[in-house]
Engineer: 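The structure that follows is given in the form of structure tokens.
No experiment lies behind these values; they were computed from the predicted model shown. When a residue number appears, it is its place in the shown sequence, counting from 1.
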Amino acid sequence: MSNSPIQHLGLPLNLPVPVDDGACDHLVGTSLPSIILPSTAAGAPVDVSSLSGLTIVFCYPRTGEPGIPVPIEWDLIPGARGCTPQACAFRDTSAELRGLGVQHIFGLSTQDTPYQTEAKERLHLPFEILSDAELKWVKGLNLPTFEWQGKMLVRRITMAVQDGMIIKKWYPIFPSDRNAYEVVEWLKGRQNSK
């Protein structure tokens, strides 16, 4: 398999589809816990619960490493593959999301900030990535996780947060590169119903 970074941008056919196991059913209507997380904004910490307006947080397991092939075993985990395509889709829709009323967009993974900063720069992401390396946010919201190579990773979930309260969740997410467009469609539907 090629070591090309392009390998991380596409999704192979026949990936296993994640099923809704109910692990996120409790989230809508939940107020976020006040947890300060490091971000890629020069390490400036962020407490999402304190932000006013509409915030989109997309949680993902991990972005791939340039030059490192995606292991076949990774592709066998339902919903694991596609972190880079998901982040790029949010990049590509960020202006539209903001035009539809989103004040803040964040990616979130359990990777550390230096790793996330490299991905943010390499992928030209116009939003910050939050690090939950200590699993405080994941545990505080009781988000679903899985273990990979001795590390605990968060399952893919996206949340719309209004003034610190979760008002919508997308889980499970498949395929990951369509998630940002699903958020756009939801926002358009909200505007049309007003």
Engineer: Ring centroids only, cut at 6.0 angstrom: are Trp170 and Tyr181 within range, meaning strictly under it?
Structural biologist: no

Engineer: With distance as the sole test, does Ser176 use its side chain to make a donor-acceptor pair with the main-chain N or O of Pro85 at under 3.5 Å?
Structural biologist: no

Engineer: Could you tell me whether the side chain of Thr40 and the main chain of Glu128 form a donor-acceptor pair under 3.5 Å?
Structural biologist: no

Engineer: Within the 4.5 Å heavy-atom criterion, are Glu185 and Arg178 side-chain neighbours or not?
Structural biologist: no

Engineer: With a 4.5 Å cut-off on side-chain heavy atoms, are Arg155 and Leu143 touching?
Structural biologist: no

Engineer: Is there a donor-acceptor contact under 3.5 Å from the side chain of Asp132 to the main chain of Ser109?
Structural biologist: no

Engineer: Is there a path of hydrophobic side-chain contacts, each under 4.5 Å between heavy atoms of I, L, V, M, F, W or Y residues, that connects Leu187 with Val28?
Structural biologist: no

Engineer: Trp148 and Pro71: which non-hydrogen atoms are nearest, and at how many Å?
Structural biologist: CZ2-CG, 3.9 Å

Engineer: Can you tell which of Leu97, Val102, Thr93 makes a side-chain contact (heavy atoms from CB on, under 4.5 Å) with Val183?
Structural biologist: Leu97

Engineer: Using the rule given for side-chain hydrogen bond (donor to acceptor under 3.5 Å, both in side chains), can you reason through Asp47 versus Ser34, listing the C-alpha separation, both sets of side-chain angles and the distance that settles it, and then say yes or no?
Structural biologist: CA-CA 6 Å; Asp47 180 355; Ser34 179; 2.6 Å; yes

Engineer: Can you get from Val17 to Leu15 by hopping between Ile, Leu, Val, Met, Phe, Trp and Tyr side chains that sit under 4.5 Å apart?
Structural biologist: yes

Engineer: Can you label the angle between the Phe58 ring and the Phe90 ring as parallel, tilted or perpendicular, going by 30° and 60°?
Structural biologist: parallel

Engineer: Near Gln103 CD, under 6.0 Å, is it more than 12 heavy atoms from other residues, nucleotides or ligands?
Structural biologist: yes

Engineer: Please determine whether side-chain hydrogen bond (donor to acceptor under 3.5 Å, both in side chains) holds for the pair Asp21 and Tyr171, giving the CA-CA distance in whole Å, both sets of side-chain angles, and the decisive distance to 0.1 Å.
Structural biologist: CA-CA 9 Å; Asp21 56 6; Tyr171 176 87; 2.9 Å; yes

Engineer: Answer yes or no: is there a side-chain heavy-atom contact under 4.5 Å between Thr158 and Ile173?
Structural biologist: yes

Engineer: Report yes if the side chains of Leu141 and Pro33 come closer than 4.5 Å at any heavy-atom pair, otherwise no.
Structural biologist: yes

Engineer: Does Trp137 belong to the same Ile/Leu/Val/Met/Phe/Trp/Tyr cluster as Leu135, with side-chain heavy atoms less than 4.5 Å apart forming each link?
Structural biologist: yes

Engineer: Is there a donor-acceptor pair closer than 3.5 Å between any side-chain N or O of Gln111 and the backbone N or O of Thr63?
Structural biologist: yes

Engineer: Is the shortest heavy-atom distance from the side chain of Phe106 to the side chain of Met159 under 4.5 Å?
Structural biologist: no

Engineer: State, with a plain yes or no, whether a side-chain heavy atom of Leu130 is found less than 4.5 Å away from one of Val48.
Structural biologist: yes

Engineer: Please determine whether a side-chain nitrogen of the Lys or Arg among Glu96 and Lys188 lies less than 4.0 Å from a carboxylate oxygen of the Asp or Glu.
Structural biologist: yes

Engineer: In terms of hydrophobic clusters joined by side-chain contacts under 4.5 Å, are Leu123 and Tyr115 together?
Structural biologist: no

Engineer: So do the side chains of Arg190 and Leu54 get within less than 4.5 Å of each other, counting heavy atoms only?
Structural biologist: yes

Engineer: Check whether any side-chain heavy atom of Pro61 lies under 4.5 Å from a side-chain heavy atom of Arg156, and answer yes or no.
Structural biologist: yes

